[in-house]
Amino acid sequence: MPRIFVFAIGGTGARIMRSLGMLLGAGVKLDWEIVPILIDVDKTNGDTVSTEEFLRQYVALRSKTYPAGDSDIAFFSTPMTTLGEIAKDPTMDQFRFPFELTNQKSFRDFIGFDHLSREDSSIMKLLFPDSFFDLDLTGGFYGNPNIGAIGLHMMTQTPQYELFESVFQEGDRVFITSSIFGGTGAAGFPILLKKLNSGDDSNKIKNAKKGALSVLPYFNISPSDGSPIDSNSFMLKTKSALLYYQNQLQGLDHLYYVADTPKAAYDNITSGSGQKNRAHVAELVGAMSIIDFAQTSDPMFTGKTKCFEFVAPNKNEVRDTDIMDFYHFGDKTLLQIQKPLTQVLYLKFIMNILYQKFPQAAWATGLGVTNFRLDPDLSQLIDFTDAFEEWLKELEDNRRSFHPFNLIQLRMIETINDLVVGRLIVSKTLLGKQALSADTFLESLNKSSKGLKAATDGRLRSFLRIASQTVSQIYDKFIV
Amino acid sequence: MGFSFTLRADNNSAGQHWKETSSYEPRELEKINDSKVEELSAPVGAIPSPFAQFHLIEYAFAIANSTGVDGHTFYHSMVSQTLDLFEILYHANDLSGRGLEIVTWNIQGALEGLKSSSNKSHKNLGETLDLYATQDHKFDEFNDIHVFIFNGEVIGGTSPVTIVCPSPNQKHLGAIGLMDSKGQPYFEKNIPLHERDKEFQLYLHKFFTAYPETRNLATHVFSYLKRSLDLLREKDRSLFQILSSIAGGYSKDDFSSEYKTIEVKNTKIYYSKYNIPLSGLGSQKSVAEGSDFKIKPSRPDVAVTTLPLVLSVHYNGNPALRYVSSKWQDIHTKVKDYLRENKGKLSYESSERDLPGTNIKFSWLTEEDFFEDVLIRLPYKNEKLDTQRFFVLTGKKESYLLPIKLETYSKFFDIKDLQGALAISQESPDSVQVTLKIPIQQNESVSLKTTYHLNPQLLTQNHRLVTDQFIDICVFPFIRFQDRATAQYSVMFAYLTGESQKGLKFLTWPDSKIINGNEHVRHAPANDASVYYNIESNFDAVAFAENDRCGWTIPRWKPVSRSHKEYEFAIDFGTTSTYVAYRERNEHTYGFSWKDTEGLVANLYTGEDRTQFRSSFVFQGRDFVPAEVFEVSTEPKNISFPIRTALSKAKSATSLLTLRNANIAFYHEKTSQYVDEEVLTNLKWSFDLRTEERVKCFLEEILLLIRAKVLLNDGDVSKTRITWFYPLSMTQYSRGIFENQWSGLSSKILGISTGNVKSFSESEAPYYYHRSHHQIVGQNPVVCIDIGGGSVDVVVFNKDRPCFGTSFNFGSNILWSEGKIENDRRTQVGDNGFFTKYLKHVKEGAWKNEYLRDLKNKITDDPRSVNSIELIQACFTNDDETRISDQLTRDGEMKAAFVIYFGAIFFHALEMLRDEGLKPQYVCLSGNGSRVLSFLDQNRKLPGVTEFIQILSSYVYGSSMDSLEVILSDQPKQATSHGGLVALRDATAQVPTKVFHGDAKLVNVGYAGFKPSHANLVVNRVEFFLDLMTKISTKFSYRNKFGMEKDMKFCCDIMKKKSKEHLLDHLEMKKIESKDLDEPIPESLFFYPMGHGLYNLTKELAEDTSGR
């Protein structure tokens, strides 16, 4: 299977990757193996750290669910791996580039300014304001992508990057996701792209199809005295960068832009574990760009850079766009994400509510579980669905809010029918109206569990196969 | 309604999911609302490239283009800074000398260097930059990026996308001190292109037209130009048309001929691979040279290339005048600021100055450079200043020295121009304003103005001050020398002393050089002082200078005329007095004199009545040259020739410097002597090196006066003739010394050869005088007797030729002496009869004259301190007060001395003539001593004296001599000089001298060969003479004719006493002085006992008188 190497640069890149992971975990199926590569000079960045943990969870669950190729399980259907695993090098088995700006603290030291020739130091003084030279780079680039460009060039000097070059196969693709207005991502994207395009004409990476998502401003930062990050400059930065992209970005097949009118102000934390922001619908949309790229077949690429933006048609125009639900999106979007996202919640409902209420149900006894938490694999699955719900909660709590589910309804059997916002569930049977209920789930589960061979498949796999069929059927019957 | 996850303002929500769209076009970017930009406190780097700064500036242009070029956003400021950099480039040729450097970053070379560096940091930097430089396609068209550095600070550089790009250090840029053509610091104000200097706009348009490649390279800048032009269509139609017309045709060649490519280390700077020259205005000269404010010198010899501008905050003249690249009114306040900050530090000449409001180092002048800080007021009445001769600033009541820095002014202008350029006006009771008009181009002028304050209370640091100075300047001679090499001036400077030493300095024009002159401080007492200068070149202005105070006056020299006249001067340098006569060749003769209007000397503060600074007058008279010397004057205070032969010198002077520490004492015996002054008399007869120097000094001044007189009366100095006189008794040796003095000094001062210097015997000259006055006619023998103070010269003429002469030391001073003339010695007893009489007279008198008062005091303290001749001479000099002539005329008691004195001279002369077989027709009397005759015979025709001589001669010749005529010059001293001038022939080379002792046995006897028996022969002659005098009284009534009271026999008996002893004493004395005892005795021995006899007689007569 060909691979898409997804470079997720900086905090925003990591959050896009998180959303992508959620979508893939939920069952969005790509015909590519995804190789997420998280790049952040800020080792402790909260977004990056949590994303990496999540991806590890994904890979663990995926390996148990799909021990040998294809499967009928709806979840984790898209393979994901690390560079180290491809190269069978356990020392490199990680998503993240262990990438540091050596031990030089200031930009001045980083470029060896004091030992530059007069000509070189003059041009540096023309290009960078004096104040930049003494910035401490261990904390990132403070929203200065021109410094980042030089700093991040280091990542192409790492063993990991060399590994990437060595495992890259013809037909593989590269996707880069980053924000345009931040530091690391904004800088990392062009430098990486230029590096990818820097080989000679026979270079397989240079010739590979490349996509990128550029995340434009969608949030603000609370004003904070003394902080080098000033969200007043986001727009100026973005606009100037966009002009640069227009003129100077080459060798890109698809360029996706995502932006949103800033409605939320995030805490002004420039780096470290404190920088961990709530998921935002723009990230979800952004993650869908990777899917779109993956789903674009080779003949569709023209050799020129195509740009894309995401449209939410909001057919029912009375609805407030500040709080979005599924039906603000167009059908194509719904088709891609509504079922996977809904399925995960139903899966969670089954494990957390239904099983607790009806532990002796046939499908459950057939599986031979007494407590999901006591089974390490199933426990991991619960963790995944918890993380998923958490992600949705964040999307909901953010501004603009993405609120496709009434998550509270997930807590009780009686209210599961009202889970999907904007969807009055009516059965499509000839018997007339029928609401979604515990019986609906139990009936379907039991039916799916017939002929289950837990012994060969393992409890997790068996459960997911039953659940996959159930949630899919219920979705198809009640939601669509 | 649906929406897109986009920033685009026109949120086209058609479609769904990922919809293909365009990239963000600048047009769309402009519409994105970023009102927050106004709140930005710092520039932002947002472009993910190390070359972000280039793109950010490009972006700023893009935004300005879409939102309007005259906006006020952050982007517009960045655009403005970029335009500032263009302007700096435009002026770069002016800036290379003052801190602008250009460092060239060769892209390929630099990157290779970095990439191959062993320094990991450099390697990474190089590889990063390489990625961008190779993939950002604009870089393909560049080999180099040039970085502009000003005084060590990077201010910008070239950019592949906007041609130039300012440094990202916006906040620092304003502080680097570069100013635009309106004097505003660059990088501070947001100025759109269409509000900038027109020339600069033209330059940019021409640049983009001449090099069309730039339009593709710097698309947004070019668009900006077009939009700026559009704005001008409404705002400035004429400029719009000019700029629009450029597009019609302006080639690379046009551009390169109009602008000068910037060079660094002889390498021209090019932009891009298309070799577009980065150019600007030519060097500073091309800009400032064309300024209308450039000075317009009146001197034709001023190098035009280095002319400074003239700028003044006060200028509000023609607004159309071009300053540098802007109008003056935009800039004028900068002059003041500039000089306040740099007061006194920057010379206008060395191009140390920036032109105000520009970065051009160019010399310029303003008030500071022309006006002195102090205005010196002359606290005299205006009418007392000689403004005819000295240009000063004349105010309503008072006048001022010129407060102009003439060294500067005169570099550009004829200093005479100052007279029309300077003006003064009273601003208030406490201040005056001085205006100096300096011509500039376009027939315009800049009036520099400054105010001087009188009241010190009003003074602040920036005010100028008026100060009073009691000074005077006296210049001799007051004429400009045509032959500069011969120029020599003496200048007196008198001032009321203050705390500091004051002095003069002199400016020569046109070389604008300051000469300090050889200065000699003659008087530096507590209250007033005088300093004397010798200037050996022409000068054109004089400044009073005291520390940093300075004020000028410009002598208004008499216009130079054709110096064609030839003058002759005759100088009778006598023992007691000196007389000078002169004439224009073959014209009438005159006594030497000068009027103050003639200008031998010129005083700033003039007239006798210098009451506000009296010392000036006194100093001038005593130490310098009197303003006026009369030919004839009865006013005792006036000076006229003959003058006393006296030299004044500073007591401290060891070697004499004419008109600096020594000078002719014109006022000797007329005014009192200073304590630090010494007056030397009796210069003529005593010769040693010290007195020779004194004579030289005296004669030098005479010759300087002569030269001045000639110059001021259209004379040709080189054709001047000098005649001088010597007494017959003068030894060859002494005459030789005089000869050298006269020819040497004449050559030095007048530049004449020895051929123009001739000498005459003192007694020969009067003959020609009388002859020319037709007092002597015919060919019969004439005896000329010249009676001086020291000697008597007798020259005998026969057939109009001098045939012999004789001389003896029996001048009139013998009457007042103690038997022999020894003026300098204070060994005398002090009992000469005249002396004792007049000592008493002077002692008892209440004198107005200072000198007499001083003399009186001196006598009162110590009668011995005054010498007899000195006392009598002083009485004669001040005859108007002492009435000594009257008294002597009326003094019947003493008169016998005069009768015997003259009798002896006549007797001796007649006997000598008779001995030679000649019978005189005329007896001519001249010399100062002959004036004594007037005490005997009041009638000017001397009938009494004539009769006396006739009777005397009839005894000598034994026959009647009734036809003998006596001729006495009305001005006996003058006759010599005048005679010397009118002589129809040169003086006889050597008139044979004879010594007549009265006895053939004594012919040619020397001191060594003189025997005691010889003494009897002499005494016999003396007694013979005295007996004759007694005998005459039977035929000639001494009482009736001469008013003589005493009996002649009585007197002659006194005369006879100890005749032989006196003779021998005198001989012994002469023996000691004589150099060669075998030489014939040079004078008649007859007078040796006579001198002593007269002394005894005066004593007796005086005692007799007082005893009565």
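Chain letters run A, B, ... following the sequence lines, proteins first and then strands; every chain starts at 1.
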For this session: Mind running ring pair (Phe, Tyr, Trp, His ring centres under 6.0 Å) on B:Tyr75 and B:Phe61 for me, showing each step along the way?
Result: CA-CA 7 Å; B:Tyr75 306 119; B:Phe61 273 96; over 10 Å; no
For this session: Test B:His146 against B:Thr158 for side-chain hydrogen bond (donor to acceptor under 3.5 Å, both in side chains), laying out the working first.
Result: CA-CA 5 Å; B:His146 304 289; B:Thr158 55; 5.2 Å; no
Problem set entry | Residue A:Ile191 versus chain B: region with a heavy atom under 4.5 Å | both
For this session: Among B:Ser117, B:Ala60, B:Gly157, single out the residue with the greatest number of heavy-atom pairs under 4.5 Å to chain A.
Result: B:Gly157
Problem set entry | By side-chain contact (heavy atoms from CB on, under 4.5 Å) - contacts of B:Phe222 (at least two apart) | B:Phe208, B:Arg215, B:Lys226
Exercise. Chain B heavy atoms under 4.5 Å from A:Leu116: which part of the residue, side chain, backbone, both or neither?
Worked result: both
Exercise. Should the ring pair B:Phe5 and B:Phe3 be called parallel, tilted or perpendicular, given that the plane angle runs from 0 to 90° and is split at 30 and 60?
Worked result: tilted
Exercise. So which part of A:Phe189 gets closer than 4.5 Å to some heavy atom of chain B, the side chain, the backbone, both or neither?
Worked result: neither
For this session: Please round to the nearest 0.5 Å and tell me the distance separating atom CG of B:Asp144 and atom CD of A:Glu119.
Result: 10.5 Å
Problem set entry | Cationic tip of A:Arg400 above A:Tyr218 ring, under 6.0 Å, 45° of axis | no
Problem set entry | Proximity breakdown for B:Tyr132 and chain A, heavy-atom pairs closer than 4.5 Å | both
For this session: Please flag which part of A:His115 lies under 4.5 Å from any non-hydrogen atom of chain B: side chain, backbone, both or neither.
Result: both
For this session: Select one option (side chain, backbone, both, neither) describing which atoms of A:Met288 are under 4.5 Å from chain B's heavy atoms.
Result: both
Exercise. Looking at the rings of A:Tyr244 and B:Tyr59, which for Trp means the six-membered one, are their centres under 6.0 Å apart?
Worked result: no
Seminar exercise, completed: Per-residue tally against chain B (heavy atom, under 4.5 Å) across A:Gly251, A:Ser122, A:Gly330, A:Ala282 peaks at A:Ser122
Problem set entry | A:Phe293 ring center near A:Phe175 ring center (under 6.0 Å) | yes
Exercise. Taking A:Asn197, A:Val258, A:Ile147, A:Val285 one by one, which has the highest count of heavy-atom pairs under 4.5 Å against chain B?
Worked result: A:Val285
Seminar exercise, completed: The interface call for A:Ser117 against chain B, heavy-atom contacts under 4.5 Å, is neither
Exercise. Are A:Asp200 and A:Lys206 ion-paired here, with the side-chain N under 4.0 Å from a carboxylate O?
Worked result: no
Seminar exercise, completed: Of the listed A:Thr333, A:Leu334, A:Leu216, A:Val281, the one with the largest count of heavy-atom pairs under 4.5 Å with chain B is A:Thr333
Exercise. Does the ring center of A:Tyr257 lie less than 6.0 Å from the ring center of A:Phe308?
Worked result: no
For this session: Apply side chain to side chain contact (heavy atoms under 4.5 Å, CB included) to the pair A:Ile111 and A:Ile150, showing each step before the final yes or no.
Result: CA-CA 8 Å; A:Ile111 59 171; A:Ile150 297 168; 4.0 Å; yes
For this session: Report the option among A:Leu242, A:Leu255, A:Thr305 that has the most heavy-atom pairs separated by less than 4.5 Å from atoms of chain B.
Result: A:Leu242
Problem set entry | Close approach to chain A in residues 107-114 of chain B, criterion heavy atom under 4.5 Å | B:Ala110, B:Leu114
Exercise. Taking every heavy-atom pair that is under 4.5 Å apart, which of B:Ile149, B:Asn124, B:Asn106, B:Val103 has the most such pairs with chain A?
Worked result: B:Asn124
Problem set entry | Pairing residues for B:Thr21 by the side-chain contact (heavy atoms from CB on, under 4.5 Å) criterion, not counting sequence neighbours | A:Cys307, A:Glu309, B:Arg8
Exercise. Taking the six-membered ring for Trp, are A:Phe128 and A:Phe133 parallel (under 30°), tilted (30 to 60°) or perpendicular (over 60°)?
Worked result: perpendicular
Problem set entry | Part of B:Ser49 lying under 4.5 Å from any heavy atom of chain A | both
Problem set entry | Among the listed options B:Gln53, B:His55, B:His122, the residue most often paired with chain A at heavy-atom distances under 4.5 Å | B:His122
For this session: Could you check which of B:Trp105, B:Trp18, B:Tyr24 has the highest count of heavy-atom pairs closer than 4.5 Å to chain A?
Result: B:Trp18
Problem set entry | Residues forming a side-chain contact (heavy atoms from CB on, under 4.5 Å) with A:Ser198, sequence neighbours excluded | A:Lys195, B:Leu131, B:Gln135
